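Being a predicted model, the structure only gives us computed values, none of them experimental. So that the names make sense, note that chain A is the first sequence line, chain B the second, and so on, each numbered from 1.
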2 protein chains.
Amino acid sequence: MTSNPTESLIQLDTSSLVDKVEANLVKLLVERKLRVGDIIPTELDLSRSLGVSRTVVREALLRLRMMGLIDTKKKKGSVITSPDIFGIMSKSMNPHILDQDTLREIFELRLVLEIGMADLLFQRVTPKDIEELKEIVKTEPDTAKDHIFHIDHEIIFHGKLYEIAGNETLKRFQKMLLPIFDYVHNSGLLKKPAQIQKFVSHKGLVDILENGSPELFRNGMRNHLENHFLRIFS
Amino acid sequence: MTSNPTESLIQLDTSSLVDKVEANLVKLLVERKLRVGDIIPTELDLSRSLGVSRTVVREALLRLRMMGLIDTKKKKGSVITSPDIFGIMSKSMNPHILDQDTLREIFELRLVLEIGMADLLFQRVTPKDIEELKEIVKTEPDTAKDHIFHIDHEIIFHGKLYEIAGNETLKRFQKMLLPIFDYVHNSGLLKKPAQIQKFVSHKGLVDILENGSPELFRNGMRNHLENHFLRIFS
DNA sequence: TAGTCTTATTATGTTATACATAATGCTAAA
DNA sequence: TTTAGCATTATGTATAACATAATAAGACTA
């Protein structure tokens with residue numbers, strides 16, 4: 001027992017009707033173990049059985065739709081879909097909307113991911129992957145060359161790495177982060193300017209992936225990203 | 001020019017009215033550079049100036065609200081808020097809703113994060129942090145002891161690490177992942193059972209953080225998480 | 001005058017109804 | 001049998017009305 005005067009107060013329910021209906025529907029999906037492709041009742045049915053207006057049901061369904069839990073088609077009604085945890089998130093991933101701190105943090109997040117995923121890579125990489133990577137780095141442009149082309153090449157190479165990692169969630173996450181990363185990289189947001197200095201190259205990374213170890217790869221990737229690290233650690 | 005017969009077809013606009021209004025509103029927020037706390041027009045005003053029904057405006061606003069772009073209060077109207085990129089996502093982070101593959105991938109994601117964040121740690125750790133970590137590991141329970149207590153301790157220790165990393169986005173992301181990680185860890189989802197074998201301890205990690213380098217820490221953390229890695233690499 | 005209580009106002013929350021629209025399925029004609 | 005056309009159905013949109021909560025304005029009291 002504390003002397004906190006709010007101790008005995010009951011947490012009162014400030015949730016709106018829509019909130020309740022939403023929770024109800026989610027519970028329904030979970031408890032009834034509905035599978036992907038199953039159809040849920042129509043808005044009118046739901047509004048009748050839940051005793052609320054169709055408007056409220058609609059708003060709740062809209063939320064589920066935004067969560068990626070359902071997909072609603074005309075006439076058919078709503079069907080359960082495999083939830084897409086990044087679906088909605090990508091919509092708010094707008095550099096112009098996010099504040100500077102968040103932008104910088106997302107920039108960092110990408111670096112963290114690429115260094116940390118070494119073990120996944122070594123576990124799942126195949127000889128075919130190595131060949132493909134070699135093919136990619138063969139056309140590696142000079143850093144001094146066309147900037148846009150350079151960026152494109154970066155995306156292809158690192159994208160391939162994520163593919164090898166065999167983690168779709170990770171891949172989609174980075175794909176969402178990428179535009180932000182690029183934006184931060186090119187905006188004047190980071191105080192230190194970008195260096196053109198060259199550290200471990202893509203070619204070097206492929207070599208490590210073929211003959212080295214996760215430890216070596218982590219260090220190699222860390223070094224490869226040195227230019228970016230230099231910019232955030234001022 | 002290809003012989004693709006669909007080549008010359010125009011991608012027609014299947015977006016609903018709500019979609020358009022939503023896009024319009026986001027554009028408004030971005031272009032007008034509205035700041036946090038600013039009030040946007042009332043639903044009725046918007047419906048009048050956009051020439052659509054209040055219903056449509058409401059649905060669009062609901063979406064913005066779900067994206068964490070606005071917060072709407074009665075009477076006041078809607079005010080801009082600092083967008084919360086994980087806000088909505090955490091709602092769909094329900095182990096019972098996500099499919100098995102995604103669950104496993106999220107499990108992996110946590111491992112990636114903790115190994116990859118070494119540089120952030122070393123850059124931002126303070127002597128005070130080290131002291132606090134030492135205090136935490138001092139009460140480190142024996143692995144054989146109470147399981148719940150052990151989990152709690154895990155969360156406290158690793159949570160402190162995220163705090164030191166000084167990346168709020170990263171921290172919030174992991175906080176969201178944690179329940180899923182726990183669920184996967186304790187469910188029969190992973191084929192291999194959990195080992196009670198002990199590798200690099202929390203104490204060992206603190207020692208590295210105090211006297212070592214990012215490279216050493218990455219390897220130490222990798223080793224510390226060995227039990228988990230053993231389970232996903234079957 | 002300052003402070004509090006009451007009342008009016010206002011914008012969102014909710015309901016109800018009607019019609020538009022698109023997808024599906026059925027039916028009848030070629 | 002195929003296809004064109006129609007009926008059906010569930011979502012999309014519009015409108016109007018009232019409920020509710022937060023705020024502001026006004027009135028009343030100390």
Distance in angstrom units between [X] [atom1] and [N] [atom2], rounded:
| X | N | atom1 | atom2 | answer |
| --- | --- | --- | --- | --- |
| A:Leu46 | D:dT9 | CG | P | 18 Å |
| B:Glu43 | D:dT20 | CD | C1' | 14 Å |
| A:Leu44 | C:dT15 | CG | C1' | 13 Å |
| B:Leu17 | C:dA22 | CG | P | 12 Å |

Do any side-chain nitrogens or oxygens of [X] fall under 4.0 Å of OP1 or OP2 in [N]?
| X | N | answer |
| --- | --- | --- |
| B:Thr42 | C:dA11 | no |
| B:Ser53 | D:dT13 | no |
| B:Arg58 | C:dG13 | yes |

Using heavy-atom distances to pick each residue's nearest nucleotide on DNA chain C, tell me which of B:Pro41 and B:Thr55 is more 5'.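 It is B:Pro41, whose closest nucleotide lies nearer the 5' terminus.
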On DNA chain C, does the nearest nucleotide to A:Arg54 precede the nearest nucleotide to A:Val18 from the 5' side, or the other way round? Give the residue. A:Val18
Would you say A:Asp129's side chain and A:Thr126's backbone share a donor-acceptor pair under 3.5 angstrom?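 Yes; at least one donor-acceptor contact below 3.5 Å.
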Exam field: side chain A:His153 to backbone A:Ile136, donor-acceptor pair closer than 3.5 Å: yes
Among C:dT12, D:dG12, D:dT13, the nucleotide that comes nearest once only the side chain of B:Val56 is considered: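 Closest of the options to the side chain of B:Val56: D:dT13.
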Member of B:Ile85, B:Ile80, B:Leu69, B:Leu29 meeting the side chain to side chain contact (heavy atoms under 4.5 Å, CB included) criterion with A:Ile97: B:Leu69
Ignoring hydrogens and angles, write down the donor-acceptor pairs under 3.5 Å from the side chains of residues 100-112 of chain B, residues two or more places apart or on other chains.
residue: B:Thr102; atom: OG1; partner: B:Asp99; partner atom: OD1; Å: 2.8
residue: B:Arg104; atom: NH1; partner: B:Glu108; partner atom: OE2; Å: 2.7
residue: B:Glu105; atom: OE1; partner: A:Glu168; partner atom: N; Å: 3.2
residue: B:Glu105; atom: OE1; partner: A:Thr169; partner atom: N; Å: 2.6
residue: B:Glu105; atom: OE1; partner: A:Thr169; partner atom: OG1; Å: 2.5
residue: B:Glu105; atom: OE2; partner: A:Glu168; partner atom: N; Å: 2.9
residue: B:Glu108; atom: OE1; partner: A:Arg124; partner atom: NH1; Å: 3.1
residue: B:Glu108; atom: OE1; partner: A:Asn167; partner atom: ND2; Å: 2.8
residue: B:Glu108; atom: OE2; partner: A:Arg124; partner atom: NH1; Å: 3.4
residue: B:Glu108; atom: OE2; partner: A:Arg124; partner atom: NH2; Å: 2.6
residue: B:Arg110; atom: NE; partner: B:Glu114; partner atom: OE2; Å: 3.1
residue: B:Arg110; atom: NH2; partner: B:Glu114; partner atom: OE2; Å: 3.4

If you take any heavy atom closer than 4.0 Å to DNA chain D, which residues from residues 59-77 of chain B end up in contact?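 Contacting residues: B:Lys74, B:Lys75.
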For B:Glu163, enumerate each residue passing the salt bridge (Lys or Arg N to Asp or Glu O under 4.0 Å) test, keeping only those at least two apart in sequence or located in another chain. B:Lys160
Just by distance, with hydrogens left out, do B:Glu154 and B:His202 show a side-chain donor and acceptor under 3.5 Å apart?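 Judged by distance alone, the side chains do pair up.
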